[in-house]
Amino acid sequence: LAVVGKAGKSPLALDVRVEYGGEYAPNSLVTRIRAPYVATDTFSFSLKRIRARLSDGEVLHGMARLAGRHKVEPGDLGLEGNFLITANDTSQVRALLADSRICALLQAQPSIDISSARPGWRLFKRSSQRLSVLRFEEEGVITDVQRLKSLFELFEDTLSRLCQIGSALDEEPTPAALSAHRR
């Protein structure tokens with residue numbers, strides 16, 4: 001079951017997914033929000049609040065490097081040092097985070113793992129639109145209504161800012177592109 005809304009012209013879906021742990025690990029629930037949008041470029045980024053050991057941040061940084069992303073220092077962008085920010089275009093992520101409201105909404109989250117990228121299936125499908133997806137995931141079920149509202153605001157503002165910096169178009173993804181995305 002998903003709660004579906006709109007952020008500008010982009011559809012936005014909030015749901016809780018069961019992650020199966022396998023034979024020796026328990027299943028877990030994950031709250032996620034996804035919003036596909038029409039991209040004009042290949043800009044991708046990831047913002048994570050790091051609360052665990054420093055080595056966890058280093059592992060995440062190494063994985064980001066493998067995905068073609070570069071680490072960006074959060075202090076340069078007005079965020080506290082406990083964020084790991086990676087992007088494939090440093091100037092674009094700086095432009096995105098130049099919006100003080102987005103930074104404030106990020107800072108207000110006790111934990112955050114938000115990213116934007118083109119879905120992998122796009123490598124094999126052709127469409128008149130280039131879709132990227134803005135995603136949030138967190139282990140557990142988020143029931144705090146104020147926090148959920150804040151996350152929706154973060155999505156609205158981020159999608160709007162992506163349009164302002166030229167990485168997204170203010171147009172609705174076509175049904176054909178969306179149905180291919182859901183596969």
Side-chain angles (χ1 to χ4, degrees), residues 4-15 32-50 57 59-79 83-107 109 112-138 150-183:
V4 179
K6 284 239 181 193
K9 294 187 178 178
S10 295
L12 188 124
L14 163 72
D15 65 8
R32 62 186 187 164
I33 302 173
R34 295 163 294 150
Y37 62 93
V38 181
T40 61
D41 56 23
T42 59
F43 175 52
S44 66
F45 66 89
S46 173
L47 295 123
K48 297 178 188 334
R49 184 179 290 273
I50 303 296
V59 168
L60 291 171
H61 173 58
M63 290 186 328
R65 259 195 331 248
L66 290 172
R69 293 185 179 163
H70 311 283
K71 183 176 178 184
V72 180
E73 291 302 320
D76 295 347
L77 303 170
L79 294 172
F83 281 90
L84 174 65
I85 302 168
T86 59
N88 65 350
D89 185 328
T90 303
S91 63
Q92 285 290 83
V93 80
R94 288 181 188 285
L96 174 68
L97 296 175
D99 186 311
S100 60
R101 181 164 156 78
I102 289 174
C103 288
L105 287 166
L106 287 167
Q107 295 276 69
Q109 294 298 320
I112 189 82
D113 183 351
I114 188 169
S115 63
S116 174
R118 297 199 57 184
W121 62 265
R122 296 291 299 150
L123 296 173
F124 307 105
K125 296 273 184 189
R126 292 219 179 262
S127 172
S128 62
Q129 290 183 324
R130 300 162 133 190
L131 283 189
S132 284
V133 180
L134 186 60
R135 294 182 177 104
F136 164 83
E137 288 193 1
E138 182 170 309
S150 177
L151 285 166
F152 272 73
E153 288 174 18
L154 177 61
F155 266 67
E156 285 178 328
D157 290 0
T158 301
L159 290 166
S160 175
R161 185 72 179 156
L162 286 169
C163 290
Q164 292 171 6
I165 66 173
S167 283
L169 295 177
D170 187 23
E171 71 181 52
E172 191 170 348
T174 62
L178 289 174
S179 65
H181 168 68
R182 290 186 185 116
R183 291 182 188 164

Listed partners of E156 passing salt bridge (charged side-chain N to carboxylate O under 4.0 Å, His left out), at least two apart
none
Report yes if some heavy atom in the side chain of P36 is under 4.5 Å from a heavy atom in the side chain of P11; otherwise report no.
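A side-chain contact under 4.5 Å exists here.
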Validation row: L106, I114 side chains within 4.5 angstrom (heavy atoms)
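In short, these two side chains touch, coming nearer than 4.5 Å.
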Examine distances only and state if a side-chain atom of [X] and a backbone atom of [Y] form a donor-acceptor pair shorter than 3.5 Å.
{"X": "R135", "Y": "A117", "value": "no"}
{"X": "R130", "Y": "T40", "value": "yes"}
{"X": "S132", "Y": "Y37", "value": "no"}
{"X": "R34", "Y": "E137", "value": "no"}

Nearest 0.5 Å please: distance from the OG1 atom of T86 over to the CG atom of L47.
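Going from the OG1 atom of T86 to the CG atom of L47 covers 7.5 Å.
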To the nearest 0.5 angstrom, please state how far the NZ atom of K9 sits from the CG atom of L159.
13.5 Å
Would you be so kind as to tabulate the donor-acceptor pairs closer than 3.5 Å made by side chains of residues 96-104, with sequence neighbours excluded?
unit_1, atom_1, unit_2, atom_2, d
D99, OD1, R101, N, 2.8
D99, OD1, I102, N, 3.2
R101, NE, D157, OD2, 2.5
R101, NH2, E153, OE1, 3.0

Which residues share a side-chain contact (heavy atoms from CB on, under 4.5 Å) with [X], sequence neighbours left out:
{"X": "K6", "answer": "E172"}
{"X": "F136", "answer": "I33, I112, E138, I142, R147, L151, F155"}
{"X": "S167", "answer": "D41, F43, Q92, L162, I165"}

Evaluate side-chain contact (heavy atoms from CB on, under 4.5 Å) for L134 paired with F45, printing each intermediate quantity in order.
CA-CA 9 Å; L134 186 60; F45 66 89; 3.8 Å; yes
Over all heavy atoms of both residues, which pair between L131 and R118 is shortest? Give the atoms and the distance, please.
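Shortest heavy-atom separation between L131 and R118 comes out as O-NE, 3.5 Å.
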What pairs with S91 under side-chain hydrogen bond (donor to acceptor under 3.5 Å, both in side chains), at least two apart in sequence or on another chain?
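Here the qualifying residues are D89.
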